[in-house]
Amino acid sequence: MDIAPGDLVLEIGSGRGVAVSLVAERLTTGKIFAIDRSATMARITSEHNERHIRAGRVEVRCTGFESAEFPADHLTKIFAVNVNLFWLDAATPQIDRMRSILKPGGELFVFGERPRSASTMANLAATERVLQAHGFDTVRRIVPHGRERLLTCVIGTVAH
Ligand SMILES: C[S@@+](CC[C@H](N)C(=O)[O-])C[C@H]1O[C@@H](n2cnc3c(N)ncnc32)[C@H](O)[C@@H]1O
């Protein structure tokens, strides 16, 4: 994600908070907001990132993205790993909200760890279609990830 020291980042569905730590290590003036709708996962994210929270680089909230509040044009990067939010029709209003809280030029990264299969490719195409329909320009990245698995990412850039 090419994290810059001043980035303002949101992770949706932070789980155990492993990616939050990796991002926080690269921040100086920036900050990462980590949200998870599971109280257990939000707690584990907080425990895992205690040092960064004390330094003001991480803020953890227990909330679904649907009810998370961020000002417009605020964030430079939003990402999610293995979160089932980006290709379901019911979720598409949330993609508009993601675009509106990103600054112009901001980026949305939708990561997935998936089997090497036709359904994975169909899922990637569906994710790109949804992002494009909501005003993002998209590219995709695919790298091998263990035996028979892929790490996929659709990157959407806000074309304001
Ligand atoms: C499969 S886990 C992935 C966790 C972590 N990103 C990882 O890759 O290890 C999905 C996580 O996303 C959270 N989640 C799912 N939908 C969400 C939403 N709409 N808003 C916030 N969190 C959500 C779940 O509670 C869960 O912790």
Side-chain angles (χ1 to χ4, degrees), residues 1-88 91-114 120 123-124 127-128 130-131 134 136 138-146 149-158:
M1 293 193 293
D2 199 17
I3 297 293
D7 268 336
L8 287 175
V9 184
L10 167 65
E11 182 178 8
I12 302 170
S14 57
R16 294 172 53 247
V18 175
V20 173
S21 310
L22 294 172
V23 171
E25 295 291 347
R26 292 170 174 242
L27 300 174
T28 55
T29 56
K31 186 165 185 168
I32 174 165
F33 301 90
I35 66 170
D36 201 298
R37 65 184 176 191
S38 152
T40 303
M41 290 306 171
R43 179 177 52 75
I44 295 172
T45 293
S46 296
E47 288 169 0
H48 194 81
N49 287 280
E50 221 172 333
R51 179 170 65 87
H52 296 304
I53 292 170
R54 274 202 307 275
R57 285 190 295 269
V58 171
E59 180 177 321
V60 181
R61 300 184 194 168
C62 177
T63 179
F65 178 73
E66 301 73 7
S67 39
E69 290 185 8
F70 291 96
D73 290 345
H74 187 59
L75 302 166
T76 54
K77 286 166 184 150
I78 300 177
F79 74 101
V81 186
N82 295 335
V83 178
N84 187 8
L85 180 63
F86 296 92
W87 52 91
L88 308 172
T92 62
Q94 302 308 328
I95 310 294
D96 274 336
R97 281 194 53 234
M98 291 176 204
R99 189 166 63 88
S100 73
I101 63 179
L102 278 167
K103 290 179 190 283
E107 293 169 297
L108 170 62
F109 300 82
V110 183
F111 292 98
E113 296 168 296
R114 302 183 193 290
T120 290
N123 182 279
L124 272 179
T127 302
E128 281 198 280
V130 170
L131 265 53
H134 292 269
F136 286 91
T138 66
V139 293
R140 64 169 84 167
R141 300 272 184 268
I142 303 173
V143 294
H145 187 53
R149 289 184 73 78
L150 300 172
L151 175 64
T152 66
C153 186
V154 173
I155 307 170
T157 307
V158 179

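Side chains are part of it too, since the values below use all heavy atoms of this structure and drop only hydrogens, waters and symmetry mates.
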Residues in side chain to side chain contact (heavy atoms under 4.5 Å, CB included) with [X], at least two apart?
X: Ser21; value: His48, Asn49
X: Thr157; value: Glu107
X: Leu22; value: none
X: Asn82; value: Glu113

Please check if atom CD in Glu50 has more than 12 non-hydrogen atoms from other residues, nucleotides or ligands closer than 6.0 Å.
-> no

Taken to the nearest 0.5 Å, the spacing of Ser100 OG from Asp73 CG works out to 8.0 Å

Pairwise distance CG(Leu108) to CE(Met1) - rounded to 0.5 angstrom |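 Answer for the CG-CE pair, Leu108 versus Met1, is 11.0 Å.
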
Pairing residues for [X] by the salt bridge (charged side-chain N to carboxylate O under 4.0 Å, His left out) criterion, not counting sequence neighbours:
X: Arg141; result: none
X: Glu69; result: none
X: Arg43; result: Glu47
X: Arg57; result: none

Could you check if a side-chain atom of Val23 sits within less than 4.5 angstrom of a side-chain atom of Phe79, using non-hydrogen atoms only?
->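 Val23 reaches Phe79 side chain to side chain.
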
Is there side-chain contact between Val110 and Met98, with at least one heavy-atom pair below 4.5 Å?
->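 Sidechains of Met98 and Val110: no contact.
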
Given side chain to side chain contact (heavy atoms under 4.5 Å, CB included), test Leu102 with Arg99 step by step and report yes or no.
-> CA-CA 5 Å; Leu102 278 167; Arg99 189 166 63 88; 5.7 Å; no

Please report the shortest heavy-atom distance between [X] and [Y], naming the atom on each side.
X: Lys103; Y: His74; result: CE-O, 3.4 Å
X: Ala24; Y: Val58; result: CB-CG2, 3.7 Å
X: Ile95; Y: Leu85; result: CD1-O, 4.5 Å
X: Phe136; Y: Gly156; result: CD2-C, 3.5 Å
X: Gly64; Y: Ile35; result: C-CD1, 4.3 Å

Does Arg140 have any side chain to side chain donor-acceptor pair (under 3.5 Å) partners at least two apart in sequence or in another chain, and if so, which?
->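 If we apply the side chain to side chain donor-acceptor pair (under 3.5 Å) test to Arg140, skipping adjacent residues, the hits are Glu128.
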
Which pairs, with at least one residue in residues 26-36 and sequence neighbours excluded, count as a salt bridge (charged side-chain N to carboxylate O under 4.0 Å, His left out)?
->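 For residues 26-36: Lys31-Glu59.
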
Sidechain-backbone polar pair: Arg114 side chain, Thr152 backbone, donor-acceptor under 3.5 Å | no

List for me each residue that meets ring-ring contact (aromatic ring centres under 6.0 Å, His included) alongside Phe33, sequence neighbours excluded, and say none if there are none.
->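 Checked Phe33 against ring-ring contact (aromatic ring centres under 6.0 Å, His included); matches are Phe70.
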
Scan the side chains in residues 3-19 for donor-acceptor partners under 3.5 Å anywhere in the protein, sequence neighbours excluded, and list what turns up.
unit_1	atom_1	unit_2	atom_2	d
Asp7	OD1	Thr76	OG1	2.8
Asp7	OD2	Ala4	N	2.8
Asp7	OD2	Lys77	NZ	2.7
Ser14	OG	Thr45	OG1	2.9

